[in-house]
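Predicted model, so just to flag it, every value in this text is computed and none were measured. Note that the numbering runs from 1 along the sequence shown for the chain.
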Amino acid sequence: MSELTLKAPVGANKKKRIVGRGSSSGRGTTAGRGNKGQQSRSGGKVYIGFEGGQMPLFRRIAQRGFSNYPFKKEFDIVNLCDIEAKYTDGETVNKETLVAKGLVKNSAVLVKVLGNGDLTKKVTVAVDKVSASAKEKIEKIGGTVTEANN
């Protein structure tokens with residue numbers, strides 16, 4: 001019978017701390033927030049890097065250089081071994097068929113085909129980018145490659 005008695009380990013189930021419910025609760029009056037000041041008020045928070053009104057360090061230091069982040073393009077990657085497994089001879093590999101076969105989640109993303117694996121089927125590839133090794137393998141079998149200008 002003792003094997004079926006399940007009990008949580010000591011300290012696993014803690015009671016929620018309720019604050020601001022009278023002085024006899026031990027957490028009354030100021031509810032653990034201290035006396036006065038911005039942190040004691042509701043909604044009284046400051047942003048990360050706030051220096052009490054002084055111009056923050058991250059705004060005092062000059063911005064230098066260039067960030068390419070807003071212009072970067074992210075590609076969903078499809079390997080030749082995936083195409084080999086999901087496609088038959090003579091099919092077209094494009095965004096719509098990749099989404100239909102579950103290799104890409106969304107047709108709005110950019111797609112790049114990489115040359116990992118071997119290809120034995122003659123397919124037509126029409127995606128945004130194709131690596132040099134993948135292009136060589138596809139054309140060696142007799143397939144065609146067309147890339148979008150991105």
[X] side, atom [atom1]; [Y] side, atom [atom2] - distance, nearest 0.5 Å:
X: L103; Y: I83; atom1: CG; atom2: CD1; result: 7.5 Å
X: D128; Y: K73; atom1: CG; atom2: NZ; result: 9.0 Å
X: E136; Y: I141; atom1: CD; atom2: CD1; result: 11.0 Å
X: L80; Y: Y87; atom1: CG; atom2: OH; result: 12.0 Å
X: E84; Y: K121; atom1: CD; atom2: NZ; result: 4.5 Å
X: N116; Y: S133; atom1: CG; atom2: OG; result: 8.5 Å

Distance-minimising heavy-atom pair for [X] and [Y]:
X: S25; Y: G22; answer: OG-O, 2.7 Å
X: D76; Y: V109; answer: OD2-CG2, 3.6 Å
X: G115; Y: S131; answer: N-OG, 3.4 Å
X: G49; Y: P56; answer: O-CB, 3.5 Å

Next item on the list: Report the C-alpha distance between K135 and E139 in whole Å, list the side-chain angles of each, state the deciding distance to 0.1 Å, and finish with yes or no for side chain to side chain contact (heavy atoms under 4.5 Å, CB included).
Entry: CA-CA 6 Å; K135 188 172 185 177; E139 289 175 345; 3.5 Å; yes
Is a side-chain N or O of [X] found less than 3.5 angstrom from the main chain of [Y], in a donor-acceptor match?
X: N68; Y: F71; answer: no
X: R27; Y: R21; answer: no
X: N106; Y: A108; answer: yes

Next item on the list: Carefully, step by step, assess L114 and V78 under the rule side chain to side chain contact (heavy atoms under 4.5 Å, CB included).
Entry: CA-CA 6 Å; L114 299 181; V78 179; over 6 Å; no
Margin query: For D118, give me all partners under side chain to side chain contact (heavy atoms under 4.5 Å, CB included), at least two apart in sequence or on another chain.
Written below: K137
Notebook entry, point to check: What residues form a side chain to side chain contact (heavy atoms under 4.5 Å, CB included) with K105, not counting sequence neighbours?
Noted result: none
Checklist line | With V125, the side chain to side chain contact (heavy atoms under 4.5 Å, CB included) member among T146, V93, T92 | finding: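 Looking at T146, V93, T92, the match for V125 under the side chain to side chain contact (heavy atoms under 4.5 Å, CB included) is V93.
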Check: Does L57 CG have over 12 foreign heavy atoms under 6.0 Å away?
Finding: yes
Checklist line | Pairwise side chain to side chain donor-acceptor pair (under 3.5 Å) hits with a residue in residues 44-54, at least two apart | finding: E51-Q54, E51-R60
Item checked: Salt-bridge criterion met for E91 and K101 (N-O under 4.0 Å) -> yes
Margin query: Do V145 and V127 sit in one hydrophobic cluster, given that two such residues count as connected whenever their side-chain heavy atoms are within less than 4.5 Å of each other, even indirectly?
Written below: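 Yes; V127 is reachable from V145 via cluster members.
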